[in-house]
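Basis for what follows: all heavy atoms, side chains included, without hydrogens, waters or symmetry-related copies. Because the structure is a prediction, the values reported are computed rather than measured. Per chain, numbering begins at 1; letters A, B, ... match sequence-line order.
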There are 2 protein chains.
Amino acid sequence: MRSYKHPAIEDVRPEDFFHALSDPVRLEIVRHLAREQEASCATLDGGRPKSSMSHHFRVLREAGLVYTKPAGVTHMNSLRREELERRFPGLLDAVLAAIG
Amino acid sequence: MRSYKHPAIEDVRPEDFFHALSDPVRLEIVRHLAREQEASCATLDGGRPKSSMSHHFRVLREAGLVYTKPAGVTHMNSLRREELERRFPGLLDAVLAAIG
DNA sequence: TCGCTTGTACGATATTATTCGAACAATAGC
DNA sequence: GCTATTGTTCGAATAATATCGTACAAGCGA
């Protein structure tokens, strides 16, 4: 599994950010990560196949929302809170409040 | 032209809101409406065909972002600022700041 | 009423997303 | 090295969106 290509936060376009949030499955992931700080991919599937989850995590990564780092055999995911706050001040907090 | 079906603000789902913001053309519209208070559809086409613009305005309307009222032969559009503030506190402001 | 303007509705096409199975890669532990 | 675990990647099918031409509806003014 190895390392991922996370975009530089400055390169994240607003439309990509919003697109990442336009799917209920991904909102669920973001909601979970907001509470739990970090989580592996497997703990977040709602019975969905691995390949589907992998897809959603990729979208979130490429939109700059989620940082994924290898941790042994699993992958730990977390929100890029500080960086997003720099890039879009107040936005992530408002999003998290909106999605509960 | 006549009246439109705007959703009740309580019925607007976050994913619909974000999906509406996931397109560059619609972001342009929102940006413009943030500055100008209100505008007709025609003043916002960037040379794009009317039917394309109509589609985008519809998406924005159905996501609860834009209110459209007939004004003679044209349609005046405006952001549903107060209502959105009630529904998603702080979100629209953060979005407008993010998209410049 | 006729003509002009603004935007919607419909329909077709093209592009993009989502979903998921199956095969593969990387790591940990034995 | 072998095996089990965790995700990724690929490919294909399906679904959802975007784009735009054409036809239509509604209001305004002469």
Give the table of side-chain donor-acceptor pairs shorter than 3.5 Å for residues 52-64 of chain A, with sequence neighbours excluded, one pair per line with atom names and distance.
unit_1: A:H56; atom_1: ND1; unit_2: A:R26; atom_2: NH1; d: 3.0
unit_1: A:R58; atom_1: NH1; unit_2: A:E62; atom_2: OE2; d: 3.2
unit_1: A:R61; atom_1: NH1; unit_2: A:T68; atom_2: OG1; d: 3.1

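The side chain to side chain contact (heavy atoms under 4.5 Å, CB included) search around A:P7 returns A:V12, A:R80, not counting sequence neighbours. Shown here are the salt bridge (Lys or Arg N to Asp or Glu O under 4.0 Å) partners of B:E82, two or more places apart in sequence or in another chain: there are none. For A:D23, the salt bridge (Lys or Arg N to Asp or Glu O under 4.0 Å) test picks out no residue, with sequence neighbours left out. A:A98 is linked by a side chain to side chain contact (heavy atoms under 4.5 Å, CB included) to B:F88, B:L91, counting only residues two or more places apart in sequence or in another chain. Residues passing the salt bridge (Lys or Arg N to Asp or Glu O under 4.0 Å) test with A:R31: none are found, sequence neighbours excluded.
Atom CG of A:D23 and atom C1' of C:dT16 are 14 Å apart (whole Å). For the pair B:E62 CD and C:dT8 C1', the computed distance is 12 Å after rounding to whole Å. The separation between B:H75 atom NE2 and D:dC28 atom P is 11 Å, rounded to whole Å.
Taken residue by residue, residues 38-61 of chain A places heavy atoms nearer than 4.0 Å to DNA chain D at A:S40, A:C41, A:A42, A:K50, A:S51, A:S54, A:R61. Taking a 4.0 Å limit (strictly below) on heavy-atom distances, residues 11-20 of chain B does not reach DNA chain C anywhere.
Sorted by first and then second residue, the salt bridge (Lys or Arg N to Asp or Glu O under 4.0 Å) pairs involving residues 40-51 of chain B (not counting sequence neighbours) are B:E28-B:R48.
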Determine, stepwise, if the pair B:F18 / A:H19 fulfils ring-ring contact (aromatic ring centres under 6.0 Å, His included). CA-CA 7 Å; B:F18 294 128; A:H19 169 253; over 10 Å; no
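At the phosphate of C:dG7, neither OP1 nor OP2 sits under 4.0 Å from any side-chain N or O atom of B:Y4.
For A:V73, the side-chain atoms get nearest to C:dA26 when compared with the rest of C:dA26, C:dA9, C:dT18.
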